[in-house]
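Following: one structure in C-alpha cells, then a few remarks.
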Amino acid sequence: PAKPIQIKVVLLGEAAVGKSSLVLRFVNDEFQENKEPTIGAAFLTQKVRLDDTVLKLDIWDTAGQERFHSLAPMYYRNAQAAVVVYDITRSSSLDRAKSWIKELQRQANPNIVIALVGNKLDLASDSNENSNSGSNSPAPQPEESNDTNEEEAADTEGQSRQVATATARTYAESMGLLFLEASAKTGEGVVETFTEIAKKLDLN
Ligand code: GTP
Ligand code: MG
C-alpha cells in the first residue's frame, strides 16, 4: 500500500476557545472539562480516509495566550491547512479569529486551506437561535428606561451564544474559508472539520 500523504495542520485562536479540546476529541475521542492551557504548542497526529486515499495529519495545536503569539509563525509556516477557532459564546474570540486569518493570508503559504470553526456549539440552545421566528406576540417592551448602557455582555459571557451562525458564515464565505460549528464536548462537527479540510486540499 502507498505511503499515507502527510499534511501539516495548525490550530490557531484565542485562549480557551477549545483548540486542544477539538484536537483531543478528534485524536482520542475524549473530552476534559478542565483542560489546562497549552504552553507553547502540542503535536499530535491522526489519519483521515478519503475514498481510497489516506492522509496523515500532523497537527500543531498552538497556545492561544498572547504571550505565545510570537511563536505562531513557526507553526503555521509550511502548513497546508489551518483551523482557526473561536468560541460561539464569546464575540471577542471571533475578532481574534479574524486577525489570525489576516495574518495567515499575509504570511502563510498562499494555497493554505483555512477552516473557521465556531466551537462550544453545545452551549447554544435552539431557543437562542430561533427566538425571533414564527411568533406573533412580541416580547413586552419596558415602559421606560433611564439607564443607558449598564447591561453589558458579562451576564451571558461564556454561557450562551454571542455569535450568530449567519454572521460568521457570511464572513467566512467572503474570505473563501471553510466554515463549521462544532463541539469538542459532544463531538459534533469535529471529524467533519478535518474531513472537509482534507477534501479541499489539492493533493496533486
Ligand atoms: P489555550 O491552550 O490556552 O489556547 O486554550 P484552548 O483553545 O486549547 O482551550 P481548551 O481546549 O484548553 O479549552 C478551554 C476550556 O473550554 C476547557 O475548560 C474546556 O473543557 C472547555 N471547552 C472546550 N471545548 C468545549 C466545548 O465544545 N464545549 C464546552 N462546553 N466547553 C468546552
Ligand atoms: Mg490549548
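Numbering of residues begins at 1 and proceeds along the displayed sequence. All ligand and atom numbering here is 1-based and tracks the order in the structure.
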Considering only protein heavy atoms, which is closest to atom 24 (N) of ligand 1, and at what distance to one decimal place? Asn119 ND2, 3.1 Å

Criterion side-chain hydrogen bond (donor to acceptor under 3.5 Å, both in side chains) on Glu14 and Ser93, from CA distance to verdict: CA-CA 6 Å; Glu14 190 170 87; Ser93 70; 4.7 Å; no

At what distance is the nearest protein heavy atom to atom 6 (P) of ligand 1, and which residue and atom is it? Lys19 N, 3.5 Å

How close does the nearest protein non-hydrogen atom get to atom 19 (C) of ligand 1, and which residue and atom is it? Glu33 O, 3.6 Å

Interfacing atoms of ligand 1 (cut-off 4.0 Å, heavy-atom, Ser21): 10 (P), 11 (O), 13 (O), 19 (C), 23 (C), 24 (N)

Would you indicate which of Lys120, Gln65, Lys185 comes nearest to atom 16 (O) of ligand 1 when only heavy atoms are counted? Lys120

Considering non-hydrogen atoms only, spot the tightest contact between Val117 and Ala182 and give its length. CG1-CB, 3.9 Å

Under 4.0 Å between a side-chain nitrogen and a carboxylate oxygen: does that hold for Lys35 and Glu30? no

Got a sec: is Ser21 within less than 2.8 Å of the Mg ion (ligand 2) via an N/O/S atom? no

Taking atom 27 (O) of ligand 1 as the reference point, the nearest protein heavy atom with its distance: Ala184 N, 2.9 Å

Nearest atoms (heavy-atom pairs only) where Lys98 meets Tyr171: CG-CZ, 3.5 Å

By number and element, which atoms of ligand 1 are closer than 4.0 Å to a non-hydrogen atom of Lys35? 12 (O), 17 (C), 18 (O)

Within the 4.0 Å heavy-atom shell around Thr38, which atoms of ligand 1 are there? 1 (P), 2 (O), 3 (O)

Is there a path of hydrophobic side-chain contacts, each under 4.5 Å between heavy atoms of I, L, V, M, F, W or Y residues, that connects Val17 with Leu44? yes

Count I, L, V, M, F, W, Y as connected when their side-chain heavy atoms are under 4.5 Å apart, and connections chain through other members. Are Leu123 and Leu24 then in the same cluster? no

Which protein non-hydrogen atom lies closest to atom 9 (O) of ligand 1, naming both residue and atom, and how far is it? Gly18 N, 3.1 Å

Sub-3.5 Å N/O-N/O distance, Gly64 and ligand 1: yes

In ligand 1, which numbered atoms sit nearer than 4.0 Å to a non-hydrogen atom of Ala63? 4 (O)

In this structure, CG of Leu178 is separated from OG1 of Thr195 (nearest 0.5 Å) by 11.0 Å

Give me the ring orientation class for Phe194 and Phe26: parallel if the planes are under 30° apart, tilted from 30 to 60°, perpendicular past 60°. parallel

Could you label the plane-to-plane angle of the Phe179 and Tyr86 rings as parallel, tilted or perpendicular, counting under 30° as parallel and over 60° as perpendicular? parallel

Atoms in ligand 1 with a heavy atom of Leu123 nearer than 4.0 Å: 30 (N)

Which residue owns the protein heavy atom closest to atom 31 (N) of ligand 1, what's the atom, and how far is it? Phe31 CZ, 3.8 Å

With the threshold set at under 4.0 angstrom, would you say Ala16 reaches ligand 1 through any of its heavy atoms? yes

For the backbone of Asn111 and the side chain of Asn109, can you confirm whether one donor and one acceptor N or O come within less than 3.5 Å of each other? yes

Taking 2.8 Å as the cut-off, does Thr62 contribute an N, O or S atom near the Mg ion (ligand 2), distance below it? no

Check ligand 1 against Pro37 and write out every atom of the ligand that is under 4.0 Å from a heavy-atom position of the residue. 2 (O), 3 (O)

Closest to atom 30 (N) of ligand 1 among Asp87, Asp122, Asn34, Ile39 (heavy-atom distance): Asp122

A student checking ligand 1 against Gln32 at a 4.0 Å heavy-atom cut-off should list atoms 19 (C), 20 (O)

Give the C-alpha distance, both sets of side-chain angles, the deciding distance and a yes or no for side-chain contact (heavy atoms from CB on, under 4.5 Å) between Leu22 and Thr193. CA-CA 10 Å; Leu22 289 166; Thr193 293; over 6 Å; no

Taking atom NZ as the centre, does Lys56 end up with more than 12 heavy-atom neighbours from other residues, nucleotides or ligands that are less than 6.0 angstrom away? yes

